[in-house]
Each structure stands twice: as C-alpha cells, then as structure tokens.
S.K.: 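Got a structure here, written out as structure tokens. Questions coming.
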2 protein chains.
Amino acid sequence: MTQATPRRGRRPGAPDTRAAILAAARELFAAQGYAGTSVRSIGAAAGVDGSLVHHYFGTKDDLFLAALELPVDPREMLADVVALGPDGAGERMLRVFLAVWDDPELRLPLLGLARNMLEPSGHRLLTEGFLPAILQPIGVALGVDRPEVRMPLLATQVVGLILMRYLLEVDPIASMPAEDVVAVFAPTIQRYLTGPLP
Amino acid sequence: MTQATPRRGRRPGAPDTRAAILAAARELFAAQGYAGTSVRSIGAAAGVDGSLVHHYFGTKDDLFLAALELPVDPREMLADVVALGPDGAGERMLRVFLAVWDDPELRLPLLGLARNMLEPSGHRLLTEGFLPAILQPIGVALGVDRPEVRMPLLATQVVGLILMRYLLEVDPIASMPAEDVVAVFAPTIQRYLTGPLP
DNA sequence: AGCACAATTCAACACATGGTGAATAACGCG
DNA sequence: CGCGTTATTCACCATGTGTTGAATTGTGCT
C-alpha cells in the first residue's frame with residue numbers, strides 16, 4: 001500500500017485555506033487569548049502547517065490584528081441610537097450592544113478583543129479605540145453634559161456586563177434572555193447618561 | 001582587582017530574600033499577569049537567580065497561589081455590611097470594596113487575582129471563589145429575595161468598576177475620589193440588591 | 001509540452017521558558 | 001575548630017515558541 005498523499009507541495013483539498021486559517025485564528029484567539037494561542041495550534045486547527053499561517057498572514061501580531069477586524073463599522077450600527085436624542089438612549093444603546101454580541105459573525109472578533117483587554121495590546125485598543133473613538137462621540141452626539149465623565153461611567157456597567165455574560169459566562173447573567181437584560185440594565189445606563197452627577 | 005563577591009554559595013546581603021521574592025512576584029503578577037511573568041524575571045526583580053525562586057516556593061503555580069494569598073479574610077471585612085440589613089447595604093458594600101482596594105497591602109494580591117480573571121485559573125477563582133463563597137453568602141445574610149440573581153447582577157457593576165478603576169486605570173474613573181464613586185455607584189448597587197427584578 | 005507561479009510541508013534556528021541537580025560558600029552550633 | 005544545614009548560583013535539559021528558508025508538487029497559461 002503506497003503512500004497516496006504526497007508529503008510536500010500543494011494539497012488542493014481545502015477550498016480556501018486562507019479563510020480556514022483566519023477562522024481558526026478567530027476561534028482560538030477568542031477562546032484562549034493572544035498569549036495562550038500558538039501559531040502552530042492555529043495551523044493545526046486549520047489542518048495545515050504553522051508555516052503556512054505565517055506565509056499568509058505574516059507575523060503573529062499581524063494575524064491577531066487581522067482576526068480582530070470587524071466586518072462592519074460599529075459606529076454605523078450606533079447611528080440611530082444617537083438620532084433620537086438622550087431620552088431612552090440607554091435602552092437603545094444596550095439593545096445594539098446585545099445585538100452586536102449575539103451576531104455570530106461579530107462575536108469571535110469581539111471576544112478576541114475583549115479577552116485581551118487586560119494585556120497591554122488590548123488595553124490600548126480599549127482606552128484608545130473603544131472609549132474615545134466610539135463611546136465618547138456618542139455622548140457628544142447625544143448632547144449630554146460632561147460626556148467625558150458620563151461615558152466612562154456607562155462603560156463600567158457595559159464592560160462588566162459583557163465580561164460576565166460573554167467572557168466568563170457566569171449564570172444567570174449569561175443565560176438571561178436579552179429582554180430581561182435590557183429591563184435590568186437599561187435604567188442603570190440611562191442614569192449614567194442623564195442622571196445626577198456628583 | 002580581585003573578584004570580591006563570591007560566585008556561588010551564600011550571599012548574606014539581603015535581610016530576607018524569601019520575602020523579597022514574594023514581593024517581586026506580587027508586583028509582577030499584578031502588573032503583567034501569570035502568563036506574562038517568568039520565574040526568571042521574578043528572580044531578577046528580587047536580585048536572585050531563578051532557581052532560588054523555585055527552591056523557596058516550588059513550582060510557578062505554587063508561587064502564584066502564594067502571591068495571591070490575602071493577609072485577611074475578606075468575609076470578615078464584610079461582616080458589618082451584613083449586620084445592618086439590606087437598607088443602605090449597597091453603599092456600605094461599596095465602601096468596603098473601595099477600602100480594600102485602596103489598602104496597599106491588599107492591592108497587589110487583588111490585582112494579581114483580577115488580572116488573571118480571563119485566564120482559566122483566574123476564571124475559576126472568580127466563579128468558584130468570589131461569587132459563591134463571598135458574594136452569595138452576603139446576599140443570603142442580607143435576606144434579599146433571589147440572591148442567586150441579585151448578587152451576579154451586582155457583580156457586573158462591581159467587576160466593571162474595579163476593572164476600569166484599578167486595572168485599566170481609565171480616567172476619570174481611576175482618579176475619582178472615593179466619595180464620588182460612592183455617590184455615583186451606590187444607587188446602582190442598591191437597586192440590584194433591593195430594586196425590581198424582571 | 002513547457003514554464004512560471006502558488007500552495008504547502010519539512011527541517012531547522014534562535015530563543016525563552018519551567019524545572020532539576022550538583023556545586024559551593026557562609027552561618028550556627030557543638 | 002569541625003560539621004551539618006541553609007542559601008545561593010551555575011550548568012543543563014526538555015519543551016514550546018515565532019520565524020525562516022529550502023524543497024516539492026500541483027495549477028494554469030501560452
């Protein structure tokens with residue numbers, strides 16, 4: 001019985017190997033974080049050698065950034081949150097966040113992003129990306145007073161909720177229906193948006 | 001010029017090397033997390049060889065657990081939170097949390113704990129330690145209804161606040177006076193304790 | 001048919017890691 | 001003084017890492 005499959009060269013089995021590698025990278029980065037995921041393991045999960053990963057995506061850092069890329073602009077999704085003014089904006093915002101995190105196409109990149117929040121790279125993405133580039137403009141567009149205080153306040157609740165619901169998956173937060181999540185947390189967020197400040 | 005310092009054997013310079021190693025471990029684990037900290041770097045920070053770290057504390061995991069050990073029982077500090085019943089318990093609890101995190105002796109172990117929240121080991125410490133062993137009993141002792149729902153709700157806000165204030169150090173949350181933190185977040189926490197549930 | 005090119009694997013390098021074991025120097029106690 | 005014990009470093013080992021480069025095979029174009 002001869003070895004039918006060649007040991008080197010092209011193996012035209014997979015339809016699009018590049019996409020498979022990227023998907024595997026998303027999966028593993030989301031599940032185990034950047035440091036906890038090796039290039040070789042990504043290759044293995046995609047059924048190819050680790051070198052091929054490097055061949056397609058360059059360095060591990062490059063691959064990480066590619067895996068984090070969102071297929072849509074998050075600001076666009078929050079456009080109609082802003083449109084209707086600050087009344088009820090807390091609830092609308094919360095609904096968008098939940099919808100985004102429940103979108104299977106967005107979930108893995110977001111998980112990869114969030115799971116690396118505590119490492120320096122992800123730390124920067126949060127403090128230089130999410131907060132000033134997304135949250136802060138929303139506050140300004142809503143016309144609330146002192147958005148530079150209110151939006152970080154709001155962020156504490158949103159980040160904590162995301163963390164417990166999607167990353168740590170702590171019950172009963174993780175298994176709570178979206179409607180209940182909105183019912184519980186919308187008042188809090190609304191209070192940070194329009195309530196009293198010290 | 002002869003080499004005065006011996007190259008092997010005892011170097012009685014440091015008064016208590018063991019304590020220095022533990023302190024360095026706390027510092028580095030808190031700043032860079034478990035995976036990001038090497039045994040050798042801990043040794044270097046304490047001015048000794050990496051082997052000595054292993055000699056004193058055993059495996060890296062053992063050292064990590066030793067570095068996380070709190071010098072007091074956190075339940076004890078929360079005793080008088082429970083004593084006065086659920087009215088105003090949100091504010092009292094928040095004050096205890098802030099006091100604990102502002103205690104320089106407790107801060108490093110807590111940071112080390114929190115920074116590893118997202119890795120499997122720290123994940124277990126949160127979901128099997130903090131939540132059921134500390135928060136849940138408080139809810140029960142306070143006599144609130146459905147503590148298994150209310151305490152995780154409360155945890156989302158506490159965790160998010162801790163994260164932004166002490167780990168990510170996002171302004172203005174990080175630089176806010178404790179009194180203002182209480183003023184802003186106590187109503188939220190109180191609402192999760194005694195407010196309406198869906 | 002022939003040839004460039006893309007896809008893929010293998011072998012290897014340089015490096016960092018956690019851990020082990022032996023060697024050596026100083027201390028404390030008799 | 002002598003001796004055991006402790007503190008400490010050094011030299012390795014096995015392993016896993018990211019990355020590189022060469023080798024090989026298939027595809028598609030002319």
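Protein chains get the first letters and strands the later ones, always in sequence-line order, with residue 1 at the start of each.
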S.K.: Consider the side chain of B:H54, meaning its heavy atoms from C-beta on, and name the nucleotide among C:dT9, D:dT17, C:dT20 that approaches it most closely.
M.R.: C:dT20

S.K.: Are more than 12 heavy atoms, taken from residues, nucleotides or ligands other than B:E128, located less than 6.0 Å from that residue's CD atom?
M.R.: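 For B:E128, atom CD is crowded (more than 12 foreign heavy atoms under 6.0 Å).
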
S.K.: Taking atom types as modelled, find out whether B:D49 and B:S51 have a side-chain donor-acceptor pair closer than 3.5 angstrom.
M.R.: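 Distance-only check passes for B:D49 and B:S51.
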
S.K.: What integer distance in Å separates A:H55:NE2 from D:dG18:C1'?
M.R.: 17 Å

S.K.: Say whether B:Y56 and B:T17, considering side chains only, have a donor N or O and an acceptor N or O under 3.5 Å apart.
M.R.: no

S.K.: Between D:dT20 atom C1' and A:K60 atom NZ, what is the distance in whole Å?
M.R.: 17 Å

S.K.: C:dA7 phosphate, OP1 or OP2: any side-chain N/O from A:T17 under 4.0 angstrom?
M.R.: no

S.K.: Over how many whole Å does the gap from A:F57 atom CZ to C:dT8 atom P extend?
M.R.: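 Checked: the CZ to P distance equals 12 Å.
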
S.K.: Is A:S38 close enough to D:dT17 that one of its side-chain N or O atoms is under 4.0 Å from OP1 or OP2 there?
M.R.: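 Indeed, a polar side-chain atom of A:S38 lies that close.
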
S.K.: Can you figure out which of D:dT8, C:dT8, D:dT17 approaches the side chain of A:R40 most closely?
M.R.: D:dT17

S.K.: Rounded off to whole Å, could you give me the CZ-to-P distance for the B:R18 and D:dT6 pair?
M.R.: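 About 14 Å, once rounded to whole Å.
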
S.K.: Would you kindly give the CG-to-C1' distance between B:L52 and C:dA25, to the nearest whole Å?
M.R.: 14 Å

S.K.: Tell me the interatomic distance from A:L28, atom CG, to D:dG18, atom P, rounded to whole angstroms.
M.R.: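 Rounding to the nearest Å, CG of A:L28 and P of D:dG18 are 12 Å apart.
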
S.K.: Of all the choices, D:dG18, D:dG21, C:dG18, which nucleotide is nearest to the side chain of A:S51 once you look at every atom?
M.R.: D:dG21

S.K.: Is a side-chain donor-acceptor pair under 3.5 Å present for A:Q157 with B:T156?
M.R.: yes

S.K.: Centroid-to-centroid, A:F185 to A:F97, below 6.0 Å?
M.R.: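 No, ring centres 6.0 Å or more apart.
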
S.K.: In whole Å, I'd like the distance from the CD1 atom of A:I42 to the C1' atom of D:dG18.
M.R.: 11 Å

S.K.: In whole Å, I'd like the distance from the CG atom of B:D49 to the C1' atom of C:dT20.
M.R.: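 Between C1' of C:dT20 and CG of B:D49: 12 Å.
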
S.K.: Using a cut-off of 4.0 Å on non-hydrogen atoms, how would the nucleic acid contact of B:T37 be classed: base, sugar-phosphate, or nothing?
M.R.: sugar-phosphate

S.K.: As a test of reading the structure: which of D:dT9, D:dA7, C:dA7 is closest to the side chain of B:Y56, going by heavy atoms?
M.R.: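 It is D:dA7.
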
